[in-house]
Amino acid sequence: MARRYWLMKSEPDVFGIHDLERRPGGTEPWDGVRNYQARNFMRDDMQPGDGVLFYHSNSDPPGVAGLAEVVRAGYPDPTAFDPAHIHYDAKSDPASPRWFMVDVRHLHTFARLIPLEELRRTPGLEDMAVVRKGQRLSVQPVTAAEWEIVRALGER
DNA sequence: GCCAACGTTGGC
DNA sequence: GCCAACGTTGGC
């Protein structure tokens, strides 16, 4: 299976790319996703080695902050089982987990954040989900061509 | 802080 | 199974 590419959103006030960078091994479980489409990508499609555009949402400006990679394929999100946890979901239990996550490892923090506004006006990125109005999905597939364009922008 | 977009819930 | 109400996301 060829390497695939993704964009994952995180609020930098909560967990930004610098937080990922500082984790042991630069690795963090991507817990707390409670959306079925995003869940399905993590549970069914994401594989170790896949590339991740680390996107800062709800920030000023929003944009792509750097690169990461998937290092562990989908497995049950344990925060859903913990009543004390903010992401607790009584409808998910270990015998039949509802929510899944992957582990993500930091690869590279761009020297500059690539603002959403720049993505919008960059040729070749017109079809990215993140530039489309009303698209809120926090885990999105990205094409190899889009990955390469964004990666190159990050080197500028 | 506003609010459009959109996913989820629940009454029927 | 429809759809109105509601809650959340996330850019602005």
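Order of the sequence lines sets the chain letters (A, B, ...), proteins ahead of strands, with each chain counted from 1.
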Practice task
May I ask you to verify if any side-chain N or O of A:R34 is less than 4.0 angstrom from the OP1 or OP2 atom of C:dG7?
Solution key: no
Problem - Under 4.0 angstrom between A:Y36 side-chain N/O and B:dT9 OP1 or OP2 - result: no
So do [Y] and [X] actually touch side chain to side chain, heavy atoms under 4.5 Å?
| X | Y | result |
| --- | --- | --- |
| A:L153 | A:R112 | yes |
| A:V131 | A:E126 | no |
| A:W147 | A:L67 | yes |
| A:Y5 | A:L53 | no |
| A:D77 | A:R34 | yes |
| A:S57 | A:E11 | yes |
| A:F100 | A:M46 | no |

Roughly, in whole Å, what's the span from [atom1] in [X] to [atom2] in [N]?
| X | N | atom1 | atom2 | value |
| --- | --- | --- | --- | --- |
| A:D89 | B:dG7 | CG | C1' | 15 Å |
| A:D60 | C:dT9 | CG | P | 19 Å |
| A:R120 | C:dG11 | CZ | P | 8 Å |
| A:D13 | C:dT9 | CG | C1' | 15 Å |
| A:L119 | C:dG11 | CG | P | 11 Å |
| A:K9 | B:dG7 | NZ | P | 11 Å |
| A:N58 | B:dG1 | CG | P | 13 Å |
| A:M8 | C:dT9 | CE | P | 15 Å |

Exercise for the section: Under 4.0 Å between any heavy atoms, over every strand shown, what does A:R132 touch: base, sugar-phosphate, or nothing? Just pick one. Expected result: nothing
Fill in the blank from the handout: Output field dot_bracket for DNA chain B (Watson-Crick or G-U, both distances under 3.5 Å, | for other-strand pairs) contains ||||||||||||
Check the interface with nucleotides 2-6 of chain B: list each N/O to N/O pair with the protein under 3.5 Å, or write none.
| unit_1 | atom_1 | unit_2 | atom_2 | d |
| --- | --- | --- | --- | --- |
| B:dA5 | OP1 | A:K133 | NZ | 3.0 |
| B:dA5 | N3 | A:R136 | NH1 | 3.4 |
| B:dC6 | O2 | A:R136 | NH1 | 3.1 |
| B:dC6 | O2 | A:R136 | NH2 | 2.7 |

Handout entry: Ring centre gap for A:Y36 and A:W99 strictly below 6.0 Å
Key = yes
Problem - Qualifying residues under side chain to side chain donor-acceptor pair (under 3.5 Å), relative to A:R151, sequence neighbours excluded - result: A:E148
